[in-house]
Amino acid sequence: MVQKRGDVIKTSYRNYAANFEKLLSGKIKNSVKKRFITTPIYYVNGNPHIGHLYTSVACDVLSRFYKLFSKVAFSSGTDEHGQKVEREALKRNLEPQKYVDEMQSKFLDLLDRSNVKVDCFVRTTSKDHKENVLKFWNKLVDSGNIYKGSYSGWYSTVDESYYSESEIKDGKSIETGSDVEWLEEEVYFFKLSEWKEKLLEIYSDSNMIFPEERRKEVLGMINSDLPDLCVSRSNFSWGIKLDDQNVVYVWVDALVNYITALDRINSKQDTDCFSIENAIHIIGKDILKFHAIYWPAMLLACKVPLPSKIYAHGWWTVDGQKMSKSLGNVVDPFDLMSKYGADEVRYFLLKEMNFGNDGDFSYKKLEDRINLDLANSIGNLVQRILKFTEKEYGRVPKLDFIDDDKDMAILQEWDKALIKSIEFMDNQSLHSYLDSFISAVFETNKYLEDQSPWKKSADRKRKILSVGCECLKRMSILGAPIMPEKMIEIVKAINIMDHEELEEQPVSDIDISSHLNSYVSNLNNWTFPLNENYLNKDKIFPIFSKH
RNA sequence: UGCGGGGUAGAGCAGCUUGGUAGCUCGUCAGGUUCAUAACCUGAAGGUCGUAGGUUCAAAUCCUGCCCCCGCAACCA
């Protein structure tokens, strides 16, 4: 439909929209049909912080993006067992269950508040999960990968960990200075060492672990030392019981959450079920070992196919310093969102951190991003197009033919942004996706400047503004996974989706992808009155004064 | 020490796989414009690409040595 360079470009809008529809329906690139996206389950021994928020948002953006054109299941949850939790509960004079109930709700709030929409939320204390863990355990036992042995060493109750001879001095840990005592436990072991060769073989030539440097790190870990793994504990009781003495090792318990999530998701559908093979595990780099070594080894032992991808992202520093309670620089995600807005914070987190590397948080950076990208570029773009359009026509003017190079070029800019985004997202390169999104916004501002509709004849003015509105539609689709709430506001202003349907649910729940059919078919015949209710609302992205 | 990552304009980064006019965002300075949120657009200044060698007609890009920073070697996303 688009002619070669040099030819006169002239195409009907219908053709153009059809092509866009093709892009979205995944006909151009749709090699992977099902994706099971997971956050780690969050340990409830402390309040949610910005890192939890980041992981959740990153997964949500992946999930919402892929839902535009393929099948996705998205799970998260909380890890509620273990000695630290038991101790925290004790400190507060609470039953562990009571304590985890309280903490767990904070994590649910976090997801809710940040517009993260999961399909499934697994608590390790829930009944079906406990059953799954025992089922999984029995599979490991049946496969001959579990044996009972004794574990002994210098143990610090305070630090909750064993130390080797070289790590202690005068009955104290060199590093933390806490007392250690000789302890012997009768516990179960998993024959991790037997999977060494198999894991090496898999990872030596595989694109399962991302980014690449993490794969090397994992290879290093496997090569250096891979002793059998102690998979039960006998010195505390808050966990899934194996016998009178032992509870299941926290990580066996935690990792099985992915199986529980699958069970729940699959129980809601008859066919076309998800499996671990569809999994894209998004994790922080600190838990790489558990996901890239322990988990695959256990899956191999149980003869379950491995996840398709394990992606380790970096950590947040605050003003260049490591985030820690003792420094008092832990950023509270709830405060952040109530001051700046959920979508704004989502945008910032993803833009600021190159997925895979560490990122640095500061209020100045956050406000700069919001003011420059969101308010000045996106917000202003929406405003200048819609206000002008409203003044001139009171409705979105129909775009029947595209017959100008510049018009075609800017529309194609958005198509390209979408195509590139699909590639970027397949590599979990979220920041590149945001880059291509915001670049298209910049280009659209340039287009307007270049075409200056305010100086043009009535015909040309109408054409330029209709192209401008078209760009806003593209923007709302491409930007919806990042800022679901704000992009829906734009959709509502342009009035191109069925409003009654939209009003029925809170904006953060609206999934543009689920409306895409009517949305796209509407592209062909639209002269929509602008929705004054939304036009006259406050600015979509207000500017923040310098921090 | 072992393993891994990094050192590119004032700041933050991309480029390195497949060598060939050094790019992006922000900041600074000058101009344009008024449809729009004191916004938007254009242009300029600013870099011997950590360091010393090597390969090559040609290296930020490949190879070697060295210096500095930071992670992982610990149940914190």
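A donor atom on one side chain and an acceptor atom on the other are not found under 3.5 Å apart for A:Thr55 and A:Thr39. Using modelled atom types, one finds no donor on one side chain facing an acceptor on the other under 3.5 Å when comparing A:Gln104 with A:Thr78.
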Identify all pairs in which a protein N or O lies below 3.5 Å from an N or O of nucleotides 28-35 of chain B, and state each distance.
| from | atom 1 | to | atom 2 | distance (Å) |
| --- | --- | --- | --- | --- |
| B:C35 | O2' | A:Arg384 | O | 3.4 |
| B:C35 | O2 | A:Arg384 | NE | 3.1 |
| B:C35 | N3 | A:Arg384 | NE | 3.4 |
| B:C35 | N3 | A:Arg384 | NH2 | 2.5 |
| B:C35 | N4 | A:Arg384 | NH2 | 3.1 |

Under 3.5 Å, which N/O atoms of the protein pair with N/O atoms of nucleotides 13-16 of chain B?
| from | atom 1 | to | atom 2 | distance (Å) |
| --- | --- | --- | --- | --- |
| B:C13 | O3' | A:Asn354 | ND2 | 3.4 |

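Residues that satisfy the side-chain contact (heavy atoms from CB on, under 4.5 Å) test with A:Ala58, not counting sequence neighbours, are A:Leu350, A:Phe355, A:Leu430. Under the rule for a side-chain contact (heavy atoms from CB on, under 4.5 Å), the partners of A:Asp286 that lie at least two apart in sequence or sit in another chain are A:Trp315. Remark: A:Asp360 engages A:Lys365 in a salt bridge (charged side-chain N to carboxylate O under 4.0 Å, His left out) (not counting sequence neighbours). Partners of A:Ile543 by side-chain contact (heavy atoms from CB on, under 4.5 Å), not counting sequence neighbours, listed by chain and number: A:Asn371, A:Ala375, A:Asn376. Annotation: ring-ring contact (aromatic ring centres under 6.0 Å, His included) contacts of A:His291 (sequence neighbours excluded): A:Trp251, A:Tyr258, A:His281.
Listed by first and then second residue, the salt bridge (charged side-chain N to carboxylate O under 4.0 Å, His left out) pairs that reach into residues 341-350 of chain A are A:Asp60-A:Arg346, A:Glu344-A:Lys486, sequence neighbours excluded. Sorted by first then second residue, the salt bridge (charged side-chain N to carboxylate O under 4.0 Å, His left out) pairs that include residues 429-449 of chain A, not counting sequence neighbours, are A:Lys351-A:Asp435, A:Arg384-A:Glu449, A:Glu443-A:Lys446. Pairs engaging residues 370-380 of chain A under the salt bridge (charged side-chain N to carboxylate O under 4.0 Å, His left out) rule: A:Arg369-A:Asp373 [sequence neighbours left out].
Taking atom P on both nucleotides, B:C16 is separated from B:C75 by 37 Å, rounded to a whole Å. Across the P atoms, B:C29 and B:U34 are found 24 Å apart, a figure rounded to whole Å. Taking the C1' atoms as reference points, B:G50 lies 11 Å from B:G6, given to the whole Å. Comparing the C1' positions of B:A60 and B:G23 gives a spacing of 12 Å, expressed to the nearest Å. Nucleotides B:C70 and B:U8, compared at atom P, are 15 Å apart to the nearest Å. Comparing B:C40 with B:A45, their C1' atoms sit 23 Å apart, to the nearest whole Å. Nucleotides B:U1 and B:G65 have their P atoms positioned 14 Å apart, rounded to a whole Å. For B:A14 and B:C24, the P atoms lie 15 Å apart once the distance is rounded to whole Å.
Here the nucleotide nearest the side chain of A:Phe541, chosen from B:U37, B:G27, B:A77, is B:U37. Between B:U37, B:C40, B:C76, one nucleotide has an atom nearer to the side chain of A:Lys539 than all others, and that is B:U37. In this structure, of B:C75, B:C40, B:U37, it is B:C40 that holds the atom nearest to the side chain of A:Asn445. Counting only heavy atoms from C-beta on, A:Leu372 has its side chain closest to B:C26 among B:C26, B:C40, B:A77. Listed nucleotides B:A77, B:C40, B:G71 differ in distance to A:Pro40; the shortest reach to its side chain belongs to B:A77.
With rounding to whole Å, A:Arg369 atom CZ is found 6 Å from B:U25 atom C1'. Here B:A74 presents its P atom at 13 Å from CG of A:Leu288, a figure rounded to the nearest Å. A:Arg346 has its CZ atom 16 Å from the C1' atom of B:A77, to the nearest Å. Separating the CG atom of A:Asp286 from the C1' atom of B:C75 is a distance of 9 Å, rounded to the nearest angstrom. Summarising the geometry, the separation between NZ on A:Lys285 and P on B:A73 is reported as 10 Å, rounded to the nearest angstrom. Remark: P of B:C41 and CD1 of A:Ile410 are 12 Å apart, rounded to the nearest angstrom. A:Asn223 places its CG atom 14 Å from the C1' atom of B:A73, with the value rounded to the nearest Å. For the pair A:Trp316 CH2 and B:C70 P, the interatomic distance rounds to 20 Å; values are reported in whole Å.
Under a 4.0 Å N-O distance rule, the pair A:Lys106/A:Glu102 does not qualify as a salt bridge. A salt bridge links A:Lys364 to A:Asp368: at least one charged side-chain nitrogen sits closer than 4.0 Å to a carboxylate oxygen. A salt bridge is defined here as a Lys NZ or Arg NE, NH1 or NH2 lying under 4.0 Å from an Asp or Glu carboxylate O, and A:Arg460 with A:Asp407 meets this definition.
Proximity of residues 211-222 of chain A to RNA chain B (heavy atom under 4.0 angstrom from any strand atom) is restricted to A:Glu213, A:Lys216, A:Glu217.
Contacts of A:Asn380 with the nucleic acid, taken as non-hydrogen atoms under 4.0 Å apart, include base atoms. Contact annotation for A:Gly284: backbone-only contact, meaning every heavy-atom pair under 4.0 Å involves sugar-phosphate atoms and none involves a base. Within 4.0 Å (heavy atoms only), A:Ile438 reaches no atom of the nucleic acid at all. Residue-level contact check: A:Ile287 touches the backbone only, with heavy atoms under 4.0 Å from sugar-phosphate atoms and none from bases.
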Exercise. What would the secondary structure line of RNA chain B be in dot-bracket form, counting Watson-Crick and G-U wobble pairs under 3.5 Å, with [ ] for pairs that cross earlier ones and | for pairs with another strand?
Worked result: ((((((((.[[[[.)....(..]]]].(((((.......))))).....[[[[[..)....]]]]])))))))....
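Proximity of A:Met425 to A:Val61: side-chain heavy atoms (C-beta onward) are separated by under 4.5 Å at one or more points. Contact of the A:Met337 side chain with the A:Leu110 side chain is registered, since non-hydrogen atoms from C-beta on lie closer than 4.5 Å.
B:A77 has no stacking from A:Tyr54 on its base ring, since the centres under 5.5 angstrom apart and planes within 30 degrees of parallel are not both found.
Closest of all the heavy-atom pairs between A:Met103 and A:Gly46 is CE-O, 3.1 Å.
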